[in-house]
Amino acid sequence: MASDGGDRNSTLKRCLDVLRDARNDSEQFAALLLVAKAVRAGEVDAKTRRQIFDAIGFTFPSRLLTSRQPPAGCPEHTFRALGLTLLACFCTDPELAGHSQILNKIPAFNDILVSPCTPDSTSMVDDVYQCLNAIVATARGPRELVTKGTVSALCQAYVSCSYGSEHALALLLGLLAVAEAKCWQRDTPHLLVVLSKLSSDFLKSEDMTKFELCEVLPHFIPLSPPLTQDSQGSECLHRLYKGLAAILGSKLNQAQQDPALKLAACLVQACGSEWIPAESAGSKFLALLVNLACVEVRLTLEEPDPVEVEGKKQVVTACYVLMEMGIQECLREEKPLLEEVQKMQLMRIMEEAFGAVIFYLKQVKQEQLQDPFIFASVRVLGAWMAEETSSLKQEICELLPFLVHYAKKLFKEGSSAASLPQPELVSTEGSGLPRDALRFLLPGFCHLTAEDRPRDILIQEGAPALLCEYFLHQWEVLSSQPTSLAPLTSTEMSLQTACGIFLNLVVTAPDLIRRDESFSSLMDLLLKSLPLLLPQKDHLVLAANIATLGLLMARVLKASTALQGTQPAGEFFRAAIRFLSDAHTAQADPGGDSLAMTVSPAYLSVWDDVQELWFLGMQALAGCVPLLPWLPQAVLQARWLDDLSQLLSRVAPASVDFELIAAFQGVLVELARASKLCKDVILSHQGREWANLYGMAALEQCLSEP
C-alpha cells in the first residue's frame with residue numbers, strides 16, 4: 001500500500017510539473033485530467049491540495065467553467081466538470097472556500113443545480129454541493145449564498161427531486177438555521193413550494209418518514225405572515241394539522257411523540273392557534289395537545305433524576321409553548337375554540353403541570369441560573385401567574401424569593417442589552433442573549449401586589465427597588481427609540497404594567513414610598529417623562545399611567561424638595577392637567593338640538609384602557625391641591641377652569657353621568673377652597689348656576705361661602 005501511495009504522489013508531482021511547464025492548453029488539459037482523476041479518488045492531502053492550488057490558481061478553473069467547446073471526442077460538459085472538480089478540491093480548504101474567487105462562482109453553481117442532470121453530469125452536481133457545503137461554513141458564505149440566489153436554486157433542486165436533492169434539503173436547513181429572516185424575505189414563494197412538498201409528504205406518509213419529517217418541518221415554518229396570509233401557506237398549515245392529528249391521536253412511543261410535540265409548538269409560535277380549525281375536531285385536537293404537553297411536563301419535572309431532565313429540556317420547552325396557548329384559549333371569549341367543559345378540564349390539568357414547574361424551580365441551584373431552560377420555565381410560570389391569580393397561591397408565595405432573586409440577577413447582568421429582542425421560547429436553548437425575566441413576571445407581580453401576603457414577601461425581597469430600577473432602564477430604552485405609530489412594544493407594555501404595580505404600592509404601602517429612596521428617583525423620572533410623552537398621541541395609555549401614578553405619588557411625597565414648585569414639578573402638573581382636561585369635549589347630540597359631553601376623539605380608541613386611570617387621576621389631583629400651595633396657580637395658568645366652566649355651561653346636564661359629575665366636583669371644590677382666585681374664576685363663569693344644574697351640592701355650598 002505504501003508503494004501505491006508513493007506511486008500516486010509521484011504521479012501527482014509529475015502532473016504538477018507538467019502544469020508548471022506546459023507550453024499550451026492541450027498539455028495543461030492532459031495534466032489536469034490526471035490531477036482531477038486523483039482528486040476524485042480522494043487521494044489528495046492538505047499539503048498536495050495546496051500544491052495543486054499554487055500550480056493552477058483560480059484563473060484556469062474559471063476559464064474551464066466558462067468554456068463551451070470541449071476537445072474533440074470529449075463529452076459536452078468536460079471542461080466545466082474539470083473546473084468544478086478543481087474548485088471542489090480547493091473548497092476543502094476553509095481559507096480558500098471563503099475566497100472571493102469562489103464566492104463569485106455562486107451563480108454558476110446555481111445554474112448547474114437547476115439544469116437538467118444527465119448521467120454524464122452527476123459528478124458536476126456532486127462537486128457543486130461540495131463547494132456549497134464549504135461556502136456555508138465560512139463567515140461570509142451564508143449571506144453571499146442568500147443574496148446570489150442559491151436558496152431559490154436549492155428549492156427548485158429539492159422540489160424537482162433531481163439528482164442530489166437530499167443535499168439540497170440539507171443545505172437549505174443549514175441556511176435557514178443561520179439566516180432564516182433573510183431567506184424568507186428574498187425567497188418566500190420558493191420556500192413555500194418546499195414547505196408544500198414537505199407538508200404533502202408528511203400527510204401522505206404512513207411509515208417512519210412521517211416522524212423524520214417532524215424533525216425537518218420546523219425549520220421551514222417562518223415566524224412571519226406568509227403562512228396565514230398566503231393560500232398556499234394556509235394549505236400547508238391544514239395538511240400539517242391533519243398529519244399531526246393523525247399522529248397524536250395514535251399510540252406513540254416517546255421517540256415518536258417528542259418531535260410531533262415540537263412541530264406543534266413551532267406552529268403555535270408562528271401562527272398562534274390559527275392553524276387549528278374552529279370545529280369540534282379542532283377543539284378536541286387542541287385539548288389533546290395541551291393535555292399531552294401537561295403530562296410530559298409532569299413526567300419530566302417530577303422526575304428526581306437530573307440526567308433524565310437534561311435530555312428532555314427541548315421537548316419540555318416546546319410543551320411550555322403549548323401550555324401558554326392553552327392558557328390563552330381557556331381565557332378566550334370571542335369565537336372560542338374550546339367549550340366551557342373543556343376549559344375547566346384543561347385548567348385543572350394545567351394547574352397540576354404548573355405545580356410541577358414550581359416544584360422543579362424550587363430545586364434550582366445557583367450555578368444553574370444561566371441555563372436557558374430555567375428562563376423558559378420562569379417565563380411560562382409568569383404567563384400562568386398573569387392570568388390565574390387564585391391557583392397555586394401558597395406555592396407561588398413560597399417561590400417568590402427565588403423569582404425576585406432570579407429576575408434581579410438577569411437584570412443586573414444584562415440590563416445594558418435588555419432591549420434586544422427576546423429569543424422565542426422554543427429557540428431559547430443555547431441562546432447567548434441576555435434574558436428579561438421581569439418582562440414576563442410583571443403581570444403576575446401586578447396581581448400579587450394587590451394582596452397582603454405576597455406583597456409583603458415582594459417588599460421583603462427588595463422587589464420594589466428592583467422594579468424602580470427596571471422602570472428607569474425601560475424608559476431609557478423607550479425614549480431612545482424613534483417615535484412612530486408602531487404596535488405596542490414589549491418595552492411600553494412593561495412600563496405600563498410596572499405603573500400598575502407602583503399604583504398598588506402607593507395605595508397599600510404609602511410608608512414604603514416615603515422611606516425607600518428608589519421612589520424618589522422614580523418620582524423625578526415621572527416629573528420629567530410626562531411632558532415629553534403626552535404630545536405623542538400613540539403613547540396615550542402609557543401617559544395616562546404615568547400621569548396618574550405621578551399624581552398619587554405626589555400626595556405621598558408632598559414634602560420632597562422636587563415638588564416644592566420646581567420647574568420639573570410645574571411642567572409635570574401642567575401636562576397632567578392637560579391629560580385630564582383634554583379627555584372630554586362637547587359634541588352635537590344625534591337625538592336632539594343640544595350638545596352632549598363625550599369622550600374626545602383622540603381618547604376614544606383607548607378609553608377602555610384609560611377610563612379608570614382618568615378617574616383615579618382626578619381624585620389624586622383633588623388630593624394634591626390642598627397639599628401643594630403653588631398648584632392652584634398652575635391650574636389657573638393652564639386655563640382649565642375657564643375651559644371646564646364653558647364645557648359644563650354648553651352641554652346638556654343629562655349627557656353627563658353621575659360619576660363624571662362627582663369627579664369634576666371633587667377637583668373644583670378643592671380649588672375653590674384653596675384659592676380665592678380659583679373661586680372667583682368659577683363664579684365669573686356662572687359657577688353657582690351650573691353647580692345647581694348638575695346637582696354639585698358641595699361645590700354650590702363652597703361657592704356660597706364668604
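Proximity of F471 to L526: side-chain heavy atoms (C-beta onward) are separated by under 4.5 Å at one or more points. A 4.5 Å side-chain heavy-atom check between L438 and S494 finds every atom pair outside the cut-off. Looking at heavy atoms from C-beta onward, T585 lies in side-chain contact with T598 at the 4.5 angstrom threshold. Between D436 and Y470, some side-chain heavy-atom pair lies under the 4.5 Å cut-off. Taking the side chain as every heavy atom from C-beta outward, L641 and L668 approach each other to under 4.5 Å. Side-chain contact between S273 and V268 is absent, with no heavy atoms from C-beta onward closer than 4.5 Å. Side-chain contact between M385 and P443 is absent, with no heavy atoms from C-beta onward closer than 4.5 Å. Between L677 and P632 there is no side-chain heavy-atom pair separated by less than 4.5 Å.
In this structure, the separation between CD1 on I349 and CE on M344 is 12.0 Å, given to the nearest 0.5 Å. Here the CD atom belonging to E461 is positioned 10.0 Å from the NE2 atom belonging to H405, to the nearest 0.5 angstrom. Between atom CD of residue Q496 and atom CG of residue D609 there is a gap of 7.5 Å, rounded to the nearest 0.5 Å. In this structure, N545 CG and L503 CG are separated by 6.5 Å, a value rounded to the nearest 0.5 Å. Taking CG from L458 and CD1 from I501, the interatomic distance works out to 8.0 Å, rounded to the nearest 0.5 Å. For the atom pair L552 CG and F502 CZ, the distance stands at 13.5 Å (nearest 0.5 Å).
Annotation for L534 and A543: closest pair CD1-CB, 3.8 Å, computed over non-hydrogen atoms. Between L563 and A569, the closest heavy-atom pair is CA-CB, 4.1 Å. Closest heavy-atom contact between T300 and V309: O-CG2, 3.4 Å. Shown here for M325 and G272, the closest heavy-atom pair between the two residues is SD-O, 4.4 Å. Contact record, A450 with R455: C-NH1, 3.6 Å, taken as the closest heavy-atom pair. Across all non-hydrogen atoms, the minimal contact from C319 to V297 is CB-CG2, 3.7 Å.
For F373 and Y360, the gap between ring centers is short of 6.0 Å. The aromatic ring centres of Y603 and H584 sit 6.0 Å or more apart.
Checked against salt bridge (Lys or Arg N to Asp or Glu O under 4.0 Å), R578 has no partners two or more places apart in sequence or in another chain. With sequence neighbours excluded, the residues satisfying salt bridge (Lys or Arg N to Asp or Glu O under 4.0 Å) with K343 are E340.
One N or O on the side chain of Q564 and one on the backbone of K558 form a donor-acceptor pair closer than 3.5 Å. Proximity of a side-chain donor or acceptor of S675 to a complementary backbone N or O of C678 within less than 3.5 Å is detected. A donor-acceptor pair under 3.5 Å links the side-chain atoms of T566 to the main chain of A562, judged by distance alone. Using a distance-only test at 3.5 Å, with no hydrogens or angles considered, no donor-acceptor pair links the side chain of S283 to the main chain of L338. Between the Q665 side chain and the A697 main chain, a donor and an acceptor come within less than 3.5 Å of each other. No donor-acceptor pair under 3.5 Å is formed between the side chain of Q269 and the backbone N or O of A265. Remark: the backbone N or O of L648 is paired with a side-chain donor or acceptor of Y694 at under 3.5 angstrom. The backbone N or O of F359 sits less than 3.5 Å from a side-chain atom of Q363, completing a donor-acceptor pair. A donor-acceptor pair is defined here as one N or O able to donate and one able to accept, closer than 3.5 Å; such a pair exists between the side chain of N504 and the backbone of C446. In this structure, the side chain of E571 does not engage the main chain of K528 through any donor-acceptor pair within 3.5 Å.
Salt-bridge check for K393 with E451: passed, with a basic side-chain N closer than 4.0 Å to an acidic carboxylate O. For the pair R332 and E329, the salt-bridge criterion is met [side-chain N within less than 4.0 Å of a carboxylate O]. For K412 and E469, the salt-bridge test passes: some basic side-chain N is under 4.0 Å from an acidic carboxylate O. Using a 4.0 Å cut-off between charged nitrogen and carboxylate oxygen, D456 and R453 do not count as a salt-bridge pair.
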Does L399 form a side-chain contact (heavy atoms from CB on, under 4.5 Å) with Y406? I'd like the steps, not just the answer. CA-CA 11 Å; L399 192 65; Y406 178 74; over 6 Å; no
Verify side-chain hydrogen bond (donor to acceptor under 3.5 Å, both in side chains) between Q619 and R555, making sure each step is shown before the conclusion. CA-CA 11 Å; Q619 285 178 29; R555 289 198 316 189; over 6 Å; no
Full working for side-chain contact (heavy atoms from CB on, under 4.5 Å) between V635 and F573: CA-CA 8 Å; V635 174; F573 274 91; over 6 Å; no
List the steps and the verdict of side-chain hydrogen bond (donor to acceptor under 3.5 Å, both in side chains) for H539 and Q536. CA-CA 6 Å; H539 295 305; Q536 302 172 33; 3.3 Å; yes
Should Q370 and E413 be marked as a side-chain hydrogen bond (donor to acceptor under 3.5 Å, both in side chains) after you check the CA-CA gap, both sets of side-chain angles, and the distance that decides it? CA-CA 10 Å; Q370 291 298 339; E413 289 174 356; 2.5 Å; yes
Could you walk me through whether F375 and L410 pass the side-chain contact (heavy atoms from CB on, under 4.5 Å) test, one step at a time? CA-CA 10 Å; F375 178 81; L410 291 194; 4.0 Å; yes
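Counting heavy atoms of neighbouring residues, nucleotides and ligands inside a 6.0 Å radius, atom CD of E367 exceeds 12 of them. Environment of CZ in R639: sparse, with no more than 12 heavy atoms of neighbouring residues, nucleotides or ligands closer than 6.0 Å. Heavy atoms from other residues, nucleotides or ligands lying under 6.0 Å from NZ of K312 number more than 12. Counted within 6.0 Å of CD on E612, heavy atoms from surrounding residues, nucleotides or ligands total 12 or fewer; the atom is thus considered open.
In this pair, F354 and W384 present their aromatic rings parallel. The plane angle is below 30°, not in the 30 to 60° band.
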